[in-house]
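See structure below.
We count residues from 1, following the sequence as given. When a ligand or atom number is given, it counts from 1 through the structure's own listing order. Predicted model, so just to flag it, every value in this text is computed and none were measured. Atoms considered below: every heavy atom in the structure, side chains included; atoms not considered: hydrogens, waters and symmetry mates.
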Amino acid sequence: MRNILVTGGAGFIGSHLVRLLVNKYPGYNIVNLDKLTYAGNLENLRDIENSPNYSFVKGDICDYPFVEKLFGRYRIDGVVHLAAESHVDRSIVDPFAFANTNVMGTLSLLQAAKNHWGKGGKEGFGNKLFYHVSTDEVYGSLENDGTFFTEQTRYDPHSPYSAAKASSDHFVRAYHDTYGLPIVISNCSNNYGSYQFPEKLIPLFINNIKQNKPLPVYGKGENVRDWLFVEDHARAIDLIFHKGRVGETYNIGGFNEWKNIDLIKVLIECTDKQLGRAPGTSERLITYVKDRAGHDLRYAIDSSKLHDELGWSPSLQFEEGIEKTVKWYLENEEWLERVTSGEYQKYYQQMYSDRK
Ligand code: NAD
Ligand code: DAU
């Protein structure tokens with residue numbers, strides 16, 4: 001029996017990971033700790049919420065005394081840490097929230113793990129593991145020159161979000177180097193799939209196409225992102241958690257780069273088709289708006305270490321993944337309506353009304 005703490009399990013990637021772990025490992029107890037911010041949603045886990053090996057705890061990773069007690073109460077012996085503020089545009093508006101959750105929250109979990117697991121000094125850590133889920137954005141931005149981020153690429157974050165994630169990565173390594181805490185880190189590229197909050201490009205654009213609303217393309221739409229189906233990310237985390245080498249970093253990505261405007265055209269084609277509209281109908285919705293401040297030009301991940309050492313590769317072709325994703329958002333109208341009512345409307349106003 002292992003007692004695994006997953007933080008941020010009610011969010012986009014976290015909910016896919018929790019579902020995978022709960023279904024695949026009936027012998028584990030999966031404890032999902034989530035504050036349920038605007039991005040956390042227990043509806044994402046309806047199908048597994050009554051499983052005997054699953055518990056949900058509402059709480060804040062920044063609340064150290066609470067986190068400390070939780071480790072004792074559930075005898076936690078493994079952590080997969082995903083809880084974070086995750087949206088770059090929000091980090092530009094409110095950097096403090098990102099430093100607080102992403103840095104201080106990570107520190108609070110590290111300290112609790114060290115105190116509970118390290119009672120017998122470095123040797124006492126046994127088979128414990130602290131897995132930190134990070135992002136490719138810590139590496140900064142690439143030119144359009146065919147190069148990739150590798151595990152050796154120097155950190156060079158540009159947004160408050162990526163600076164906070166980079167800082168949290170450094171703290172995780174510092175706990176390994178200083179106290180011997182068994183850690184592993186993965187840095188993944190852009191994810192897409194079901195249950196993603198529609199502040200991110202793909203679900204936001206599907207929702208707007210459906211509603212015939214403008215599609216706000218930042219700058220010239222020439223920035224490049226490397227897209228991975230979220231279930232493939234969850235599979236990679238499972239593999240690294242069980243088979244990865246302690247102290248190592250693994251990059252995760254699908255070798256699947258898209259210029260934003262090309263991706264948006266694929267999305268339009270696919271969504272129009274599924275809505276029964278004539279091809280290209282929604283291209284008129286494309287609206288070029290003011291660019292994101294400090295907008296990274298290109299991300300591209302070299303995930304060959306993960307492939308060569310642990311045999312991971314993505315399971316889906318992008319076109320298939322996008323079709324599945326569009327279908328999910330169109331079929332799950334109630335989910336989409338619930339998460340885009342109330343506060344979301346204010347957010348949308350704040351982010352997009354002055355963007356012309
Ligand atoms: P998300 O915003 O969808 O979910 C974040 C979750 O964390 C939410 O459920 C939220 O309620 C919870 N949370 C936030 N603050 C908390 C706090 N103080 N205490 C407890 N819970 C809190 O994020 P996501 O897109 O699923 O990303 C998950 C992780 O993966 C993040 O660490 C992110 O940096 C990383 N990541 C994301 C992507 C991506 O493309 N989305 C890619 C690479 C890495
Ligand atoms: O690379 C991994 C990162 O991917 C994760 O660490 C982040 O948590 C995740 O949010 C994502 O960051 P991006 O900033 O790349 O994702 P986003 O969906 O916000 O934007 C993707 C691209 O689309 C980016 O170049 C900005 C652009 N964009 C985005 C939005 C929301 C637009 O042109 N218009 C938009 O309205």
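- At a heavy-atom distance under 4.0 Å, no atom of Tyr38 approaches ligand 1.
- Using a 3.5 Å distance cut-off with no hydrogens or angles, the side chains of Tyr25 and Asp238 do pair a donor with an acceptor.
- The proximity of Leu36 to ligand 1, defined as any non-hydrogen pair under 4.0 Å, is limited to the backbone.
- Residue Lys165 places no heavy atom under 4.0 Å from ligand 2.
- Contact between Ala10 and ligand 1 is present, with at least one heavy atom of the residue lying under 4.0 Å from the ligand.
- Between the side chains of Arg90 and Tyr38, at least one donor N or O lies within less than 3.5 Å of an accepting N or O.
- Contacts between Ile61 and ligand 1 below 4.0 angstrom, taking non-hydrogen atoms only, involve backbone and side chain alike.
- Between Tyr161 and ligand 1 there is a heavy-atom distance shorter than 4.0 Å.
- For Phe171, the CZ atom counts as loosely surrounded, since its 6.0 Å shell holds 12 or fewer non-hydrogen atoms of other residues, nucleotides or ligands.
- Ligand 2 has an N or O atom lying under 3.5 Å from an N or O atom of Thr135, backbone or side chain.
- In Lys165, the part holding a heavy atom less than 4.0 Å from any atom of ligand 1 is the side chain.
- Taking 4.0 Å as the cut-off, Met351 does not count as a neighbour of ligand 2 on heavy-atom distance.
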